[in-house]
Amino acid sequence: MSPLATLRSFGGKFSVTCQYCQSTTSYLPFSKLITIFISFSIIYILKQMDMEVDTVEIVDNPVAGPSKRPDEAAHNKKHCNLPWIEKYRPHTFEEIVGNEDTIERLSIFSKKGNVPNIIIAGPPGVGKTTTILCLAKILLGPSFKDAVLELNASNDRGIDIVRNKVKMFAQQKVTLPPGRHKMIILDEVDSMTDGAQQALRRTMEIYSNTTRFALACNYSEKVIEAIQSRCAILRYSKLTDSQVMARILQICEKENVKYTDSGIEAIVFTAQGDMRQALNNLQSTHNGFGEVNSGNVFKVCDEPHPMLIKDMLKSCMEGDIRKAYKVIEHLWNLGYAAEDIIKNIFKVCKNMDMEEGLKLDFIKEIGWTHQRIVDGLCTLIQMSGLLAKLCKAATGEGKF
Ligand SMILES: Nc1ncnc2c1ncn2[C@@H]1O[C@H](COP(=O)(O)OP(=O)(O)OP(=O)(O)O)[C@@H](O)[C@H]1O
Ligand SMILES: [Mg+2]
């Protein structure tokens, strides 16, 4: 039908006449069409209203549990997938365990503001990153998002990033209350190249009236001296066994973990003052075996069982090399690496109940064997040699 078709009303019907062939096509009466159109509109509107009523019903229905409080459900869902190290990452200074003096000083800074540039140095998993994040959150509150730049080892932190990203952030204007400064967090700063660290030193000075730096590292000696001298250095030490145990028990309670006392002791033993390791081992054992007992913990951590090593050291103290050798051979056949075995011998020995002089002799010999293993001599003969020396030290038959 051409676009020039004429629309005429003829005998109460629609008719369209083609201007070329003059043929006329009749359609339904115009009034009928309007009636159909109106009916459809009414059906559509009713349908819409129906849908609205449905929606309201779902939201208002008091028995519809999960949909009633969507934020809580979302919050729980978000947290149930988190590893416990993140789920239980402290958000306030009070929650952080250990290193009380340093935490107290930082807590005072967080109230008064005007924090100096800081470096927190210490072993892994003791709360360095956590402390810095707490400090920044308390200091900057709602401005945290705009006033904090966080870079860690997973970001590229070469010299270009320092020249561009860090410098640009330091130049940005953010309105903050008096005594508050923008914060640049450089986590694992000891993994930054010397060049990048050098590029940082001037930036730290130039923007010191608006920006503060918080650095965290495992080895403060890997941070160049120029940066060390621009910062207050706070040193964290490993957490004590009782601190780790208290936190682990708290979390077991919150997560309804089934545990035995020896299981918790095993977690503390394997963690050696590293809270992250303790939480990871706890979660892995709970998820993998259900009950946290010592056997399950050592299976998860894949470490030689300390009871076996304790027995071995006792045999050495009695000068019984054959009995001691059986244990080391058993561990060797289980496939443990020489370094794992020697580290565990040291961990057990240092906590063993024995005469102090003899303990020192034992630790000295363990140290020499460890050095040889690190140098590449990881053989069963070396381990057996260690047992021979321990037996001799215990029975007093000659010194080395
Ligand atoms: N002192 C602590 N008190 C409570 N929880 C802790 C403490 N230290 C570590 N944790 C737990 O371990 C996790 C990791 O801690 P964090 O990232 O602060 O360690 P880190 O000292 O920065 O280690 P790394 O040197 O490996 O970066 C935290 O999320 C928290 O769950
Ligand atoms: Mg860290």
Side-chain angles (χ1 to χ4, degrees), residues 78-107 109-110 117-139 144 148-155 157 183-192 197 213-223 227-228 231-255 257 264 267-287 292 300-301:
K78 191 177 146 202
H79 279 82
C80 78
N81 290 329
L82 278 180
W84 290 354
I85 50 164
E86 288 311 325
K87 189 170 173 185
Y88 295 103
R89 190 186 276 278
H91 296 289
T92 59
F93 284 127
E94 289 75 36
E95 285 175 83
I96 300 177
V97 178
N99 296 293
E100 291 83 3
D101 293 345
T102 320
I103 302 278
E104 204 180 301
R105 270 159 64 196
L106 288 173
S107 155
F109 278 140
S110 72
N117 294 322
I118 55 168
I119 299 180
I120 302 186
V126 294
K128 300 181 298 295
T129 306
T130 308
T131 307
I132 292 181
L133 290 174
C134 277
L135 178 69
K137 274 180 201 151
I138 296 170
L139 268 174
F144 181 90
V148 174
L149 173 69
E150 193 193 346
L151 296 173
N152 57 37
S154 56
N155 304 106
R157 295 176 308 174
M183 193 175 268
I184 297 181
I185 299 174
L186 294 173
D187 208 354
E188 290 128 32
V189 68
D190 44 0
S191 65
M192 279 173 82
Q197 292 189 31
F213 286 76
L215 317 180
C217 62
N218 294 129
Y219 305 102
S220 64
E221 62 276 10
K222 286 195 187 166
V223 179
I227 290 187
Q228 287 192 38
C231 298
I233 303 183
L234 309 169
R235 292 194 194 281
Y236 272 22
S237 53
K238 281 196 168 192
L239 303 175
T240 63
D241 287 355
S242 55
Q243 286 166 340
V244 175
M245 187 180 280
R247 180 82 178 156
I248 291 293
L249 287 173
Q250 259 179 18
I251 291 170
C252 283
E253 198 134 297
K254 283 186 189 155
E255 293 288 334
V257 175
I264 297 294
I267 295 272
V268 172
F269 176 84
T270 49
Q272 292 288 306
D274 177 341
M275 187 71 89
R276 185 195 284 121
Q277 179 93 63
L279 289 182
N280 277 335
N281 290 350
L282 179 71
Q283 189 174 14
S284 311
T285 316
H286 172 65
N287 290 349
V292 177
V300 163
C301 303

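In each ligand, atom 1 is the first atom listed, and ligand 1 is the first ligand listed.
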Practice problem: With heavy atoms of N218 as the reference, note each atom of ligand 1 found under 4.0 Å away. | Solution: 25 (O)

Quiz prompt | Selected option - heavy-atom contact closest to atom 12 (O) of ligand 1, from R276, K128, Q277, Q243 | solution = R276

Quiz item: Do P124 and ligand 1 have an N or O pair less than 3.5 Å apart?
Solution: no

Practice problem: Please identify which atoms of ligand 1 are closer than 4.0 Å to at least one heavy atom of R247. | Solution: 4 (C), 5 (N)

Quiz item: Who's the nearest protein heavy-atom neighbour of atom 22 (O) of ligand 1, and how far?
Solution: T129 OG1, 2.7 Å

Practice problem: Identify whether the distance between the nearest side-chain nitrogen and carboxylate oxygen of R89 and E95 falls below 4.0 Å. | Solution: no

Quiz item: Quick check: does G122 get an N/O under 3.5 Å from an N/O on ligand 1?
Solution: no

Self-check item: Minimum-distance protein heavy atom relative to atom 15 (O) of ligand 1
Solution: T130 OG1, 3.6 Å

Self-check item: Identity and distance of the protein heavy atom lying nearest atom 4 (C) of ligand 1
Solution: P90 CG, 3.6 Å

Self-check item: Candidate list K87, Q250, Q283, test side chain to side chain donor-acceptor pair (under 3.5 Å), partner E255, passing option
Solution: K87

Quiz item: Tell me, which protein residue and heavy-atom name are nearest atom 6 (C) of ligand 1, and how many Å apart are they?
Solution: M275 CG, 3.5 Å

Practice problem: For Y88, take its heavy atoms, then give the atoms of ligand 1 lying under 4.0 Å from any of them. | Solution: 31 (O)

Practice problem: Could you list the atoms of ligand 1 found under 4.0 angstrom from a heavy atom of I85? | Solution: 28 (C), 29 (O), 30 (C), 31 (O)

Self-check item: Protein heavy-atom partner closest to atom 1 (N) of ligand 1 - residue, atom, separation in Å
Solution: V97 O, 2.7 Å

Quiz item: Does ligand 1 have a heavy atom under 4.0 Å from the side chain of L279, from its backbone, from both, or from neither?
Solution: side chain

Self-check item: Atoms of type N/O/S from protein, distance to the Mg ion (ligand 2) below 2.8 Å
Solution: 1

